[in-house]
Peer 1: 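The following block contains the structure, expressed as structure tokens.
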Amino acid sequence: MVLPEAFENYTRAMMGDDLFAHFAHSMQQDATAFVRLNHYKCPTAKMALAASKVPWYEYGYALDARPAFTFDPLFHAGLYYVQEQSSMFLAQVLRQFVQSPVRMLDMCAAPGGKSTLARLELPKGSTLVCNEPNRSRVQILNENIQKCGHPEVMVTNNYPKEIRQSGLKFQVILCDVPCSGEGMFRKNANAIDEWSVDNVNKCQQLQREIVAEAWQCLEPGGLLIYSTCTFNTKENEENVAWICQELGATTLKVKVEEDWNIMGNLLSAPATEDTTNKESKHSSAFNVYRFIPGYQDKPGNIYGEGLFMAVLRKEGTVQSMTEKTSKQKMRHQLSDNGQSIPTHWLQESQHFNFTWVKNELWAIPPSLQSQYEQAARSLRVIAAGINLLQLKGKSFIPSQGLALSSCLSPSAFPRVELSYADAIQYLGRNTITLPPNTPQGFILVTYQNVALGFVKNMGNRANNLYPSEWRIRSTHSPENITQIITV
């Protein structure tokens, strides 16, 4: 790997010769693969491959070798997510500072790694709005949210300014902002080609614009979690200083262990902390957390990619979340053609509100209902709660989101267990053959008793209902099955 000269000169001056030498060496090594188990959807899931635990997250693992995740049906079922260990530090932040239900916003959420992690770690009764401004990226976000399986989530596709104008308010906001991508050099050669000093400066300005909008959506006493996947101080410490000076934020100290190899402030000005309340207000005093490949380089250390994170508090008194439960239970029980909605497809369906959005029916938890109603007035809402079904002609078609939801009733549909070969065929949206005694109608197909999606058995054939945009596109078929997790 050849690093840009301007990047190398700047980074060496920032890190010093010794740290930069370790960093440069690590950049020539292969990136480690990490996975995170979905303990909400499958509490019994365990690693089947040789793996080491991520130090700050018990459900995160570093793998000894990178398997072909694409050919694992349990990956497509959402039982685990491939994510850098550095990004899993968000769990440590949320566990320390969020102990009661909150309304949380992920402002720049695609592809969904931090959003799905946040949803797993937020207290029960919390709601999460995952927003992605880029229309071409919001669909992969929605896919990963559906695979996560949690109902108290809404996906939107809007610019930060539009979120602010909607009037929605949150107690926690994550701004994992677009950046110059220096932390991705080892994984993505395009990131090196696209890097420039000018782009760093443009990113810094864009990041401040995003944070300024997010700050107005944050309730008094709320938390702003700021993060990038880059190394330079312009997009990191200098922006934290700007947030403190211009917006009146206070940085918070996250509990970390020394052997986690997390670096702090790299600005030349020394950091000074308020040791009484573990918060710092002076513009040069930062509680910030940097993940640098090669830092404290020694045998046995496993490194993820570059990440920077800071947790900031807005002045004011924290307001506890009040759940606004709609009194209009089971609204829209009939479709336009008079058919009764199959609410029995959901467990405890009486706890949901049902809303038609064009030809789709969404089941929305009461905790999310008021936020959804407010968002729907002015924002582009991609999904909210559970996408229960689609109306095609006079027929109800169960949606993929229902198949992957933790709220699917176990007795709602007949089930057919697939072999590995048939599961891969199904996920490629190819034709599969069902057992002769399979009843006609909608069938939930499973692999290792984990739901993959639906087919409609017509008797002489089975129509594959797996979303075409989700299908495995590769025509390669692995010779050996690699069992990544067990359930």
Side-chain angles (χ1 to χ4, degrees), residues 1-17 19-34 62-63 65-66 68-70 81-87 107-114 132-141 143-144 159-160 175-211 226-239 263 266 290-295 297 302-309 473-474 476:
M1 177 190 302
V2 179
L3 298 173
E5 183 178 359
F7 168 80
E8 183 171 334
N9 292 338
Y10 174 89
T11 307
R12 184 187 298 274
M14 178 183 67
M15 293 183 177
D17 289 340
L19 174 56
F20 181 81
H22 288 296
F23 165 75
H25 173 74
S26 71
M27 297 300 281
Q28 306 303 322
Q29 311 304 309
D30 292 335
T32 301
F34 299 90
L63 305 185
R66 179 178 290 273
F69 297 113
T70 299
Y81 190 93
V82 181
Q83 183 177 37
E84 291 296 324
Q85 72 166 3
S86 310
S87 295
M107 184 66 89
C108 308
K114 293 185 180 68
E132 173 51 47
N134 189 314
R135 289 202 175 194
S136 65
R137 286 166 54 83
V138 74
Q139 296 306 325
I140 186 62
L141 169 64
E143 177 182 339
N144 285 325
Y159 292 108
C175 285
D176 185 39
V177 290
C179 67
S180 59
E182 296 166 357
M184 293 292 103
F185 281 0
R186 188 164 60 169
K187 292 183 64 178
N188 184 356
N190 290 334
I192 299 177
D193 297 336
E194 294 170 0
W195 186 91
S196 70
V197 173
D198 184 55
N199 191 40
V200 169
N201 293 329
K202 288 180 180 178
C203 286
Q204 183 192 54
Q205 183 58 40
L206 174 61
Q207 291 153 359
R208 293 183 181 187
E209 292 172 2
I210 291 171
V211 169
Y226 177 84
S227 68
T228 75
C229 59
T230 203
F231 298 116
N232 68 78
T233 59
K234 282 184 173 293
E235 299 175 70
N236 294 326
E237 284 91 341
E238 290 182 32
N239 273 351
M263 177 170 274
L266 280 180
R290 285 176 159 278
F291 298 78
I292 300 177
Y295 177 51
D297 201 2
I302 300 173
Y303 300 101
E305 305 312 303
L307 184 86
F308 174 93
M309 188 171 287
R473 290 173 169 80
S474 174
H476 168 73

Peer 1: Indicate yes or no for a side-chain donor-acceptor contact from Glu182 to the backbone of Cys229 under 3.5 Å, with no hydrogens or angles considered.
Peer 2: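 Not a single qualifying donor-acceptor pair exists.
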Peer 1: First locate atom SG of Cys175, then atom CE of Met309, and finally report the distance between them rounded to the nearest 0.5 Å.
Peer 2: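 Going from SG on Cys175 over to CE on Met309, the span is 11.5 Å.
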Peer 1: As an exercise, state the distance from OH of Tyr303 to NE2 of His22, rounded to the nearest 0.5 Å.
Peer 2: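 Tyr303 atom OH to His22 atom NE2 measures 8.5 Å (nearest 0.5 Å).
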Peer 1: How about CZ on Arg473, more than 12 heavy atoms from neighbouring residues, nucleotides or ligands closer than 6.0 Å, or not?
Peer 2: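 Count over threshold, so yes.
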Peer 1: Report yes if the side chains of Ile192 and Pro4 come closer than 4.5 Å at any heavy-atom pair, otherwise no.
Peer 2: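 Ile192 vs Pro4: side chains touch.
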Peer 1: Which residue pairs pass the salt bridge (charged side-chain N to carboxylate O under 4.0 Å, His left out) test when at least one of the two sits in residues 199-210, sequence neighbours left out?
Peer 2: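 Residue pairs passing salt bridge (charged side-chain N to carboxylate O under 4.0 Å, His left out), neighbours aside: Asp198-Lys202.
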Peer 1: I'd like to know if the side chain of Glu132 reaches the main chain of Asn134, judged simply by a donor and an acceptor atom lying under 3.5 Å from each other, with no hydrogens or angles considered.
Peer 2: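 Yes.
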Peer 1: List the atom of Cys203, the atom of Cys179, and the distance in Å for their closest heavy-atom pair.
Peer 2: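 Distance-wise, the nearest heavy atoms are SG-C, 3.5 Å.
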Peer 1: State whether the number of non-hydrogen atoms from other residues, nucleotides or ligands found under 6.0 Å of Tyr159 atom OH is greater than 12.
Peer 2: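 For Tyr159, atom OH is not crowded (no more than 12 foreign heavy atoms under 6.0 Å).
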Peer 1: Between Pro133 and Pro160, is there a side-chain heavy-atom distance shorter than 4.5 Å?
Peer 2: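 Yes. Closest side-chain heavy atoms under 4.5 Å.
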Peer 1: Give a yes or no on whether the backbone of Glu235 and the side-chain of Gln204 come within a donor-acceptor separation of less than 3.5 Å.
Peer 2: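 No, Gln204 side chain to Glu235 backbone: no donor-acceptor pair under 3.5 Å.
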Peer 1: According to ring-ring contact (aromatic ring centres under 6.0 Å, His included), who are the partners of Phe231, at least two apart in sequence or on a separate chain?
Peer 2: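 Checked Phe231 against ring-ring contact (aromatic ring centres under 6.0 Å, His included); matches are Phe23.
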Peer 1: Report yes if the side chains of Leu19 and Met263 come closer than 4.5 Å at any heavy-atom pair, otherwise no.
Peer 2: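 Counting from C-beta outward, Leu19 and Met263 do come under 4.5 Å.
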Peer 1: Are Asn232 and Leu266 close enough that some pair of their side-chain heavy atoms sits under 4.5 Å apart?
Peer 2: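 When only atoms from C-beta onward are counted, Leu266 and Asn232 do not touch, as no gap falls below 4.5 Å.
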Peer 1: Side-chain contact, heavy-atom cut-off 4.5 Å: Glu143 with Leu141?
Peer 2: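 Not touching, per the 4.5 Å side-chain cut-off.
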Peer 1: Side chains of Ser180 and Asn199 only: does a donor on one sit below 3.5 Å from an acceptor on the other?
Peer 2: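 No, no side-chain donor-acceptor contact under 3.5 Å.
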Peer 1: Could you pull out all residues at least two apart from Tyr81 that satisfy side chain to side chain donor-acceptor pair (under 3.5 Å)?
Peer 2: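 Testing Tyr81 for side chain to side chain donor-acceptor pair (under 3.5 Å), a comparison that skips the adjacent residues, returns none.
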Peer 1: When you compare the side chains of Asn236 and Thr230, does any donor N or O come within less than 3.5 Å of an acceptor on the partner?
Peer 2: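 Asn236 vs Thr230: no donor-acceptor pair found between side chains.
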Peer 1: Just verifying a value: how many Å separate Phe34 CZ and Gln85 CD, rounded to the nearest 0.5 Å?
Peer 2: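 Answer for the CZ-CD pair, Phe34 versus Gln85, is 4.0 Å.
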Peer 1: Sequence neighbours left out, what passes ring-ring contact (aromatic ring centres under 6.0 Å, His included) with Tyr10? Give chain and number order.
Peer 2: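 By the ring-ring contact (aromatic ring centres under 6.0 Å, His included) rule, Tyr10 matches no residue at all.
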Peer 1: What I'd like to find out is whether the side chain of Arg290 reaches to under 4.5 Å of the side chain of Leu307, using heavy atoms alone.
Peer 2: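 A side-chain contact under 4.5 Å is absent here.
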Peer 1: Would you say Gln83 and Lys114 make side-chain contact, with heavy atoms under 4.5 Å?
Peer 2: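 Yes, at least one pair of side-chain atoms sits under 4.5 Å.
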Peer 1: Give a yes or no on whether Asp193 atom CG has more than 12 heavy-atom contacts from other residues, nucleotides or ligands under 6.0 Å away.
Peer 2: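 Counting other residues, nucleotides and ligands, CG of Asp193 exceeds 12 neighbours.
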Peer 1: Can Tyr226 and Asp176 be said to form a side chain to side chain contact (heavy atoms under 4.5 Å, CB included), step by step?
Peer 2: CA-CA 6 Å; Tyr226 177 84; Asp176 185 39; over 6 Å; no
Peer 1: For the backbone of Pro293 and the side chain of Ser26, can you confirm whether one donor and one acceptor N or O come within less than 3.5 Å of each other?
Peer 2: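 Flag set: sc Ser26 to bb Pro293 pair under 3.5 Å.
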Peer 1: Restricting to side chain to side chain donor-acceptor pair (under 3.5 Å), what partner residues turn up for Thr11, sequence neighbours left out?
Peer 2: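 With neighbours one apart ignored, the set is empty.
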Peer 1: Output yes when Glu305 and Lys187 qualify as a salt bridge under the 4.0 Å nitrogen-oxygen rule, no when they do not.
Peer 2: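 Answer for the salt bridge query: no.
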Peer 1: When rounded to the nearest 0.5 angstrom, what distance separates CD in Gln205 from CD in Gln207?
Peer 2: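 These two atoms lie 9.5 Å from each other.
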Peer 1: Looking only at non-hydrogen atoms, find the nearest pair between Val138 and Arg135 and report the distance.
Peer 2: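 So the two residues come closest at CG1-O, 3.5 Å.
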Peer 1: Would you say that Gln29 contacts Arg186 through its side chain, given a criterion of any heavy-atom pair below 4.5 Å between the two side chains?
Peer 2: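 Result yes, sub-4.5 Å side-chain heavy-atom pair found.
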Peer 1: For atom CD of Gln28, is the number of surrounding heavy atoms from other residues, nucleotides or ligands below 6.0 Å larger than 12?
Peer 2: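 Yes, CD of Gln28 has more than 12 neighbouring heavy atoms, counting only those of other groups under 6.0 Å.
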Peer 1: Go through the steps to decide whether Phe308 and Phe291 satisfy the test ring-ring contact (aromatic ring centres under 6.0 Å, His included), and finish with yes or no.
Peer 2: CA-CA 6 Å; Phe308 174 93; Phe291 298 78; 9.6 Å; no
Peer 1: List in chain and number order the residues that pass salt bridge (Lys or Arg N to Asp or Glu O under 4.0 Å) with Glu8, two or more places apart in sequence or in another chain; answer none if no residue qualifies.
Peer 2: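 If we apply the salt bridge (Lys or Arg N to Asp or Glu O under 4.0 Å) test to Glu8, skipping adjacent residues, the hits are Arg12.
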